[in-house]
Amino acid sequence: MIDICTGAVRLDRDDFAEKRKTMTFSLELSEEQQELRDWVHGFAEQTIRPAAREWDEREETPWPIIQEAAKVGLYGFESLATFWADDTGLSLPIANEELFWGDGGIGMAIFGTTLAVAGIFAVGTPDQLAEWVPQCYGDADDPKVAAFCSSEPGAGSDVAAMRTRAVYDEATDEWVLNGQKAWATNGGIANVHVVQAVVDPELGSRGQAAFVVPPGTKGLESPSKIKKHGLRASHTADVFLDDVRVPGRCLLGGKEKLDERLARAREGTKGGAQAAMKTFELSRPTVGAQAIGIARAAYETALEYAQQRETFGRPIIENQSIAFTLADMRMEIDAARLLVWRAAWLGRNGGFTAGEGSMSKLKAGRVATWATERAIQILGGNGYTREFPVERMHRDAKIYDIFEGTEQIQQLVIARAISGKHIA
């Protein structure tokens, strides 16, 4: 209470007790969220981890693991809808952290489809969601995957440099797509491809739209997969579009909304963000959670090793240099998780005001790269061999500084948000 004579603030015991009753801030997960975490962790521990080394070495899509995930209800549009129904926004990050704690490559093979689904969800109509999202996943007897195709050889972080074109054929009510996409997760093996293309080159990034390329569409080809440093169990490839014709209904959001948006852009009116950026905004906290899962796995491996490995007659964790490194690893991982959870919550409850989504992805990527490198150091020579998992974790972690917006792009997003200026 306020003393009206002095203006001083006074708080008596009864007032303090009453205020405590109204406080609602909590970091405790709900019972449903804890059950989700434990369920996914169990799948990661029992099914993913034992297979991680094999599929990394094979560099192939782990279809048996994807099918197993579908059978238990972890892979499919029903499970994704359940995760998304969580108004706190935390279920997706929780599930992703546990999956990628199991293994980054297999985790991406299971969750890579979600980026294409996010692309449909970002701008698609309810009818389009109902038609295409189930086809992204298939079913437990015949699981499918989907691909989101945005990046190009000359247009990665610079989305405005995109050259893939989509031209409307009014006579047949079809869109004709031509171009090349790069670094597409599940590119070529996907049942459904979501493709970002330019419909009006004069408008730059505001002249783009997203299209669904249905299964079996002629003209879409992917001759070979890319051999990667990490996430080897996840398929990545270039996708070529040569006079790919898709029905008019495959334009996400519909032609009427596209025409309205393009008209506003031509008039100089500020319009909504284009589909690729909306998709990345939705996915950044989830991607950050993936990085945290990999970092946590490396930290736990290093902690266990340090407790068991002896030099000079005692466990190496009794050396300050090792113990302090582990302390820093735990602190950084926990700090990154808090940024991810905040961004996930804001994404569902009011949106970002200071680049919080980019903050979460930037911090988590940096932590994953650093923590996995420190884990190798703690394991010494063993950490550098393929007999121990931390070298694989280190390879898997590095991409989180690069894909879905590089480290520098995330800094740019944050700088623009906090300054209100168009920083180049």
Side-chain angles (χ1 to χ4, degrees), residues 40-70 72 74-75 95-115 143 145 147 183-190 222 224-238 286-287 289-302 304-305 364-365 367-404:
V40 180
H41 183 85
F43 182 83
E45 185 174 41
Q46 297 165 21
T47 304
I48 293 178
R49 280 207 164 180
R53 181 179 175 184
E54 174 190 353
W55 290 101
D56 177 73
E57 295 284 352
R58 290 173 62 169
E59 298 191 51
E60 297 175 1
T61 301
W63 288 108
I65 310 297
I66 295 174
Q67 185 169 38
E68 190 64 28
V72 301
L74 182 57
Y75 182 78
N96 272 265
E97 179 177 339
E98 298 306 324
L99 268 185
F100 284 71
W101 172 89
D103 179 64
I106 295 178
M108 186 58 70
I110 293 173
F111 245 86
T113 291
T114 309
L115 188 58
V145 293
W183 313 109
T185 298
N186 297 327
I189 67 170
S222 180
S224 61
K225 66 176 293 185
I226 296 169
K227 305 280 280 186
K228 304 192 302 295
H229 177 65
L231 298 185
R232 293 179 179 178
S234 172
H235 182 98
T236 306
D238 289 353
T286 301
V287 172
Q290 297 170 2
I292 292 168
I294 296 170
R296 194 183 104 215
Y299 157 74
E300 291 177 1
T301 302
E304 181 180 8
Y305 184 89
V367 168
T369 302
W370 172 81
T372 53
E373 192 273 337
R374 290 292 87 198
I376 291 176
Q377 190 69 29
I378 290 173
L379 269 67
N382 286 329
Y384 200 66
T385 71
R386 293 190 181 183
E387 297 302 313
F388 289 79
V390 291
E391 68 83 27
R392 184 180 70 246
M393 295 168 184
H394 184 54
R395 288 188 283 106
D396 290 345
K398 182 55 191 172
I399 193 62
Y400 288 89
D401 282 334
I402 300 170
F403 73 173
E404 292 205 45

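In this structure the side chain of Lys225 never reaches within 4.5 angstrom of the side chain of Ile189, judged on heavy atoms. At least one side-chain heavy atom of Ile294 sits under 4.5 Å from a side-chain heavy atom of Tyr400. A heavy-atom distance below 4.5 Å is not found between the side chains of Val72 and Thr47. Residues Tyr75 and Gln67 fail the side-chain proximity criterion, which asks for heavy atoms closer than 4.5 Å.
Across every non-hydrogen atom of Pro62 and Ala109, the tightest pair is CD-CB, 3.6 Å. Contact between Gly188 and Ser222 at its shortest, heavy atoms only, is CA-CB, 3.5 Å. The minimum heavy-atom distance between Ala295 and Ala368, with the atom names listed, is CB-CA, 3.8 Å. What you find for Ala52 and Ile106 is that their closest heavy atoms are CA-CD1, 3.8 Å. Closest approach of Ala291 and Ala364 over heavy atoms only: CB-O, 3.6 Å. When all heavy atoms of Asn186 and Gly112 are compared, the closest pair comes out as ND2-C, 4.0 Å.
Residue pairs meeting the side chain to side chain donor-acceptor pair (under 3.5 Å) criterion with at least one partner in residues 226-235, sequence neighbours excluded, are Lys228-Thr236.
One finds the CH2 atom of Trp101 at 8.5 Å from the CE atom of Met393 (value rounded to the nearest 0.5 Å). To the nearest 0.5 Å, the span separating CG on Leu99 from CZ on Phe111 amounts to 6.0 Å. Rounding to the nearest 0.5 angstrom, the gap separating the CE atom in Met108 from the OG1 atom in Thr114 is 9.0 Å. With rounding to the nearest 0.5 angstrom, the CH2 atom of Trp183 is 9.0 Å from the CD1 atom of Ile402. To the nearest 0.5 angstrom, Ile65 atom CD1 is 6.5 Å from Phe43 atom CZ. Annotation: the span from Glu68 atom CD to Ile110 atom CD1 amounts to 10.0 Å, rounded to 0.5 Å.
Salt-bridge annotation for Arg53 and Glu387: present, with a side-chain N of the basic residue lying under 4.0 Å from a carboxylate O of the acidic one. Under a 4.0 Å N-O distance rule, the pair Asp56/Arg386 does not qualify as a salt bridge.
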Between Tyr305 and Val390, does a side-chain contact (heavy atoms from CB on, under 4.5 Å) hold up when you go through it step by step?
-> CA-CA 11 Å; Tyr305 184 89; Val390 291; over 6 Å; no
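Atom CH2 of Trp55 sits in a crowded spot, with more than 12 heavy atoms from other residues, nucleotides or ligands closer than 6.0 Å.
Asp396 places a side-chain N or O within 3.5 Å of a backbone atom of Leu231 that can act as its donor or acceptor partner. Within the 3.5 Å criterion, the main-chain N or O of Thr369 finds a donor-acceptor partner in the side chain of Thr372.
Among residues two or more places apart in sequence or in another chain, the salt bridge (charged side-chain N to carboxylate O under 4.0 Å, His left out) test is passed with Asp238 by none. In terms of the salt bridge (charged side-chain N to carboxylate O under 4.0 Å, His left out) criterion, residue partners of Arg296 (sequence neighbours excluded) are, by chain and number, Glu97, Glu98, Glu300.
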